[in-house]
Amino acid sequence: MELRQLRYLVAVVEEGGFTRAAARLHLAQPGLSAQIRQLEKELGQPLLDRSGRSVTPTEVGRAVLPYARAALAAADGVRQAVDEHTGLLRGRVTLGLVSGATGHAFDVAGFLADFHGAHPALEIALTEDTSERMQAALLAGEIDIALLGPTGEETPAGLSFRTVIDAPLGAAVAPGHPLLSTGGRTTVPLTELRDRPLICLPRGTGVRAALERGCARAGFRPRVAFEAASPQVLVQLAARGLGVAVLPLGEEGSEAGGGLRALRLAEPGLRARIVLAWPAAGPASPAARALLERLRDVLPRVPEGEGGGGGGDVGAGTDPDPPRSQRSWL
């Protein structure tokens, strides 16, 4: 019995067939089938039921699987122990990113290139999703670390947050929009957005959650006419006169990109944040811990007392704007 045969058995069961398992293992299907049959011959019992549309474990196969997985975990533990002593990181880390979250404040490609250069044996998987789903994925252990926009005013139990960007929400409109009828204005009350077509990020994002909470406090529901996952697309839609784009304010000034004029929403506490998020107990693997440590070194951090972030957990802050370097969103 060989360790690789146990790995093949587990892969076939998890994938429900030989074709998908062979693709996952980067093997030819006939060779994979031959190895499983050799294992069954050595054990003297069939481990897989091949009679149905999908391959399933037999009764003996089900009894064997926990031991096969334990043997594979033990072998991985041996490799991990050796790698820790030699300084070599192996394995796979999954990093979640909310679409358009970091803009120019974080060069993802450059960061990953540098990290890969330091740890060439480590595989990093990137995934983009809404903040809400990424919070759930972190809690479920499906991803290791994420950059996301919190959807609530409190840090969810089981997660740790460190605020890296904190910006007030604003309304971006095309020149000539009725909101600009009052000359020289730089702010707009949230109530002036009632019944106006709004352009915003989708539900499950921190910006959308902040907008909906603010509107609920003001006694109305926002009329979101268009939504998109990218802030740049929101700017383009607003530039076409399709509505008011609700976005985190960027660099100081009244320009919001695309020729739009930006008005800060006058209500205090309407802010959007990006946080570095990870399981409260810490990442499970040495590779994920190394990636988190490096991210904490390179990402900006909202200083204590600014933006309500306190350099850590997310709350409903009403403090002054954070430093200009932390507001490059678009």
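Every value quoted in this text rests on a predicted model; they were computed, and no experiment measured them. Excluded from the calculations below are hydrogen atoms, water molecules and symmetry mates; all remaining heavy atoms, backbone and side chain alike, are included.
Among pairs with a residue in residues 202-214, those fulfilling salt bridge (Lys or Arg N to Asp or Glu O under 4.0 Å) read E153-R213, R203-E212, R208-E212, R208-E227, at least two apart in sequence or across chains. The salt bridge (Lys or Arg N to Asp or Glu O under 4.0 Å) analysis of residues 48-61, with sequence neighbours excluded, yields the pairs E40-R50.
Within the model, atoms OG of S285 and CZ of R92 stand 12.0 Å from one another, a figure rounded to the nearest 0.5 Å. To the nearest 0.5 Å, the span separating CG on L112 from CG on L126 amounts to 5.5 Å. Atom CG of L211 and atom CG of L247 lie 10.5 Å apart (nearest 0.5 Å). Taken to the nearest 0.5 Å, the SG atom of C200 stands 10.5 Å off from the CG atom of L193. In this structure, CE in M1 is found 10.0 Å from CG in L9, a value given to the nearest 0.5 Å.
Among V244, V173, L263, the one residue that satisfies the side chain to side chain contact (heavy atoms under 4.5 Å, CB included) test with V188 is L263. Checked against I145 for a side chain to side chain contact (heavy atoms under 4.5 Å, CB included), the options L291, T94, L97 give a single hit: L291.
The main-chain N or O of T151 is never found under 3.5 Å from a side-chain atom of S131 such that the two would form a donor-acceptor pair. Distance alone, capped at 3.5 Å, places no donor-acceptor pair between the T163 side chain and the I165 backbone. A donor-acceptor distance shorter than 3.5 angstrom exists from the side chain of R185 to the backbone of T187, with no hydrogens or angles considered. Between the side chain of R289 and the backbone N or O of G282 there is no donor-acceptor pair closer than 3.5 Å. Between the side chain of R162 and the backbone N or O of R296, at least one donor-acceptor pair lies under 3.5 Å. Side-chain atoms of R273 do not come within 3.5 Å of backbone N or O of G149 as any donor-acceptor pair. Listed for the R240 side chain is no donor-acceptor partner under 3.5 Å among the backbone atoms of Q236. E15 places no side-chain N or O within donor-acceptor distance of the main-chain N or O of R20, the cut-off being under 3.5 Å.
Minimum interatomic distance between A210 and L270 (heavy atoms only, all atoms of both residues): O-CD2, 3.3 Å. When every heavy atom of A238 is checked against every heavy atom of L260, the shortest pair comes out as CB-CD1, 3.7 Å. Between A71 and L3, the closest heavy-atom pair is O-CD1, 4.1 Å. Looking at every heavy atom in both residues, S160 comes nearest to A280 through OG-CA, 3.4 Å. For the residue pair L138 and A146, the shortest heavy atom distance occurs at CD1-CB, 4.0 Å. Taking every heavy atom of both residues into account, Q135 and P156 meet most closely at NE2-CG, 3.8 Å.
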Just do the side chain to side chain contact (heavy atoms under 4.5 Å, CB included) check on V98 and E128 with the steps written out, would you?
CA-CA 6 Å; V98 64; E128 281 193 347; over 6 Å; no

Original post:
So L201 and V246, side chain to side chain contact (heavy atoms under 4.5 Å, CB included) or not? Walk me through it.
Top reply: CA-CA 8 Å; L201 297 173; V246 178; over 6 Å; no

(Q) Applying side chain to side chain contact (heavy atoms under 4.5 Å, CB included) to D195 and F220, what does each step give before you reach the verdict? (A) CA-CA 9 Å; D195 298 327; F220 70 97; over 6 Å; no

CA sep, side-chain torsions, deciding dist, call: R294, D297, side chain to side chain contact (heavy atoms under 4.5 Å, CB included): CA-CA 5 Å; R294 184 60 183 149; D297 286 341; 3.9 Å; yes

Practice problem: Apply salt bridge (Lys or Arg N to Asp or Glu O under 4.0 Å) to the pair E42 and R37, showing each step before the final yes or no. | Solution: CA-CA 9 Å; E42 182 176 344; R37 290 196 181 279; over 6 Å; no

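In terms of hydrophobic clustering, with Ile, Leu, Val, Met, Phe, Trp and Tyr side chains grouped at heavy-atom distances under 4.5 Å, L198 and F226 are assigned to a common cluster. In terms of hydrophobic clustering, with Ile, Leu, Val, Met, Phe, Trp and Tyr side chains grouped at heavy-atom distances under 4.5 Å, V235 and V224 are assigned to different clusters. Under the 4.5 Å side-chain contact rule for hydrophobic residues, L179 and L169 share a cluster.
Using a 4.5 Å heavy-atom cutoff, the side chains of T127 and L95 are not in contact. A heavy-atom distance below 4.5 Å is not found between the side chains of V10 and Y8. Under the 4.5 Å side-chain criterion, counting only non-hydrogen atoms from C-beta, L65 is in contact with V13. The side-chain heavy atoms of L32 and L25, taken from C-beta on, include a pair separated by under 4.5 Å. Side-chain contact check for D144 versus W278: every heavy-atom pair is 4.5 Å or farther apart. Between L148 and V275, the closest side-chain pair of non-hydrogen atoms falls below 4.5 Å. Side chains of I143 and M134 form a contact here, defined as non-hydrogen atoms less than 4.5 Å apart. Counting heavy atoms from C-beta outward, T56 and L48 have side chains that stay 4.5 Å or more apart.
Listed by chain and residue number, E2 satisfy the salt bridge (Lys or Arg N to Asp or Glu O under 4.0 Å) test with R4 (two or more places apart in sequence, or in another chain).
Classification of the F115-F111 ring pair by plane angle, with boundaries at 30° and 60°, yields parallel.
Side-chain contact check for T130 and E132: no donor-acceptor pair (N or O, by modelled atom type) lies under 3.5 Å. With 3.5 Å as the limit, one finds a donor-acceptor pair spanning the side chains of Q29 and T19.
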